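Below, chains carry the letters A, B, ... as their sequence lines are ordered, and counting in each starts from 1. The structure presented is a predicted model; accordingly, all values stated were derived computationally and were not measured.
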Number of protein chains: 2
Amino acid sequence: MGRPKQFDPDVAVERAMGVFWRKGYAATTPQDLVDEIGIGKGSLYNAFGSKHALFELALARYRDSQAEWLEALLDHPGSAKDRLRGALEALVELDLGDPDRRGCMAVNTAAESALADAETADTVRKMFARTESAFRATVEEGQRAGEIDGDRDAAALAAWLLATVIGMRVLAKTAKDATRLRRIVDAAMGSL
Amino acid sequence: MGRPKQFDPDVAVERAMGVFWRKGYAATTPQDLVDEIGIGKGSLYNAFGSKHALFELALARYRDSQAEWLEALLDHPGSAKDRLRGALEALVELDLGDPDRRGCMAVNTAAESALADAETADTVRKMFARTESAFRATVEEGQRAGEIDGDRDAAALAAWLLATVIGMRVLAKTAKDATRLRRIVDAAMGSL
DNA sequence: CAGATTTTTGAACTACAGGTACAAAATTAG
DNA sequence: CTAATTTTGTACCTGTAGTTCAAAAATCTG
């Protein structure tokens, strides 16, 4: 079976994710990656093929972990409104607690590359759609429970929550204090 | 007084803005810039000093034109709510009408660079603050006119409008159809 | 027109991005 | 042990990023 890998590819992807997340795709060099992962260039290219292929893996990993994190939050016990508020607040704290202010990797990728690469664009689109679905399900639960006005368009509310979250995560990257972000959560929840 | 410039620096900055906007900072090369501007590399560096200095000029130009555009929209006659809706709708149409799907250059810059460069971060921060102020003034007019509930926190509503707009502009970069964006406008305005 | 001043042009230069080639080393199947 | 397979580190290569420079060209001064 040949010589086994001396590094864990999963760990490597995770570290690569960290670098791409912090610096963006274009500004990340192969040198950055090997420095962070702690393997040689030969191993890197043998294992992953190209910078872009590794980026795709890193982005997919980000998508999965982020989506699961958010879905778990929305799946908590409690009222739908409380769960939505809890999720938004957790996101704010997550972003503000990051010393590197990396924001959301999917948002960053959308802003940096847009439609430059079809596969990347698709991954980002799917991630947004998945977040929107999770919001929509929670909004509909709230409507069934009578907490949220049933006359309002659940799809529209979910899309708007998605936009709010994306906006907050961009703002978190340059925010100097937390008050604006906390205000946004309050205003959004007050509008539900 | 020496040989006069054979190109208009203002036009050059405007064209540079277009390239940076479309490709992002890191992915834009000096070659891209000279190709687009139509001058030699020597002239470029003689006139602007560095890629980064030119980017700052381009970003400042974007900030001014964008802010004036939005402020003019919000300054139209009509009710405050109508003006807010009109501004959001105009932004959506602007973004969807761009074949390159460049979104908002300030948002893209925030996502790509964050705090990497202090001056850039500051320009972006100020642009966000200016947009927020314009929203806030309009919201307060609406409150004085009785269109918007005076008990709600105008600062919070303005911040939340800002986040909504930023989110929409990110979504516009990957959106395949316009319905989601139009829904967001409806949901946001329905919540005011 | 000579000279001063400023810009243009195009070539040149350094460093590094991104990736390939290869031989030595490690591992396992038989 | 040997053969086969895979990894690894190093060296290497091509192209270009980002910038600088020398010399030519254009304008103004007197």
B/L44 CG to C/dG10 C1': how many Å, rounded? 14 Å
Does B/Y25 have B/K51 sitting over its ring (NZ/CZ under 6.0 Å from centre, angle to axis within 45°)? yes
Keeping to residues at least two apart or across chains, list the side-chain hydrogen bond (donor to acceptor under 3.5 Å, both in side chains) pairs with something in residues 35-49 of chain A. A/Q31-A/D35
If we ignore hydrogens and angles and just use 3.5 Å, is the side chain of B/E112 paired with the main-chain N or O of A/A111 as donor and acceptor? no
Would you give the length of the straight line joining atom NE2 of A/H52 to atom CZ of A/F55, rounded to the nearest 0.5 angstrom? 7.0 Å
Among the nucleotides [options], which one has an atom lying closest to any side-chain atom of [X]?
{"X": "B/F7", "options": "D/dT19, C/dT8, D/dG9", "answer": "C/dT8"}
{"X": "A/K41", "options": "D/dT7, C/dG19, C/dT7", "answer": "C/dG19"}
{"X": "B/N46", "options": "D/dG9, D/dG18, C/dT7", "answer": "C/dT7"}

Hey, is [X] close enough to [Y] for a salt bridge, meaning N to O under 4.0 Å?
{"X": "B/E56", "Y": "B/R63", "result": "no"}
{"X": "A/R85", "Y": "A/D186", "result": "yes"}
{"X": "B/R182", "Y": "B/E89", "result": "no"}
{"X": "A/D122", "Y": "A/K126", "result": "yes"}

A/G40 near the nucleic acid: base, sugar-phosphate alone, or nothing, with a heavy-atom cut-off under 4.0 Å? sugar-phosphate
Counting only non-hydrogen atoms, which of residues 49-59 of chain A are less than 4.0 Å from DNA chain C? A/K51
N/O (side chain, B/Y45) to phosphate O (OP1/OP2, D/dT20) under 4.0 Å: no
Any B/S43 side-chain N or O less than 4.0 Å from OP1/OP2 of C/dT7: no
Of all of residues 12-37 of chain A, which get a heavy atom below 4.0 angstrom from DNA chain D, listed by number? none
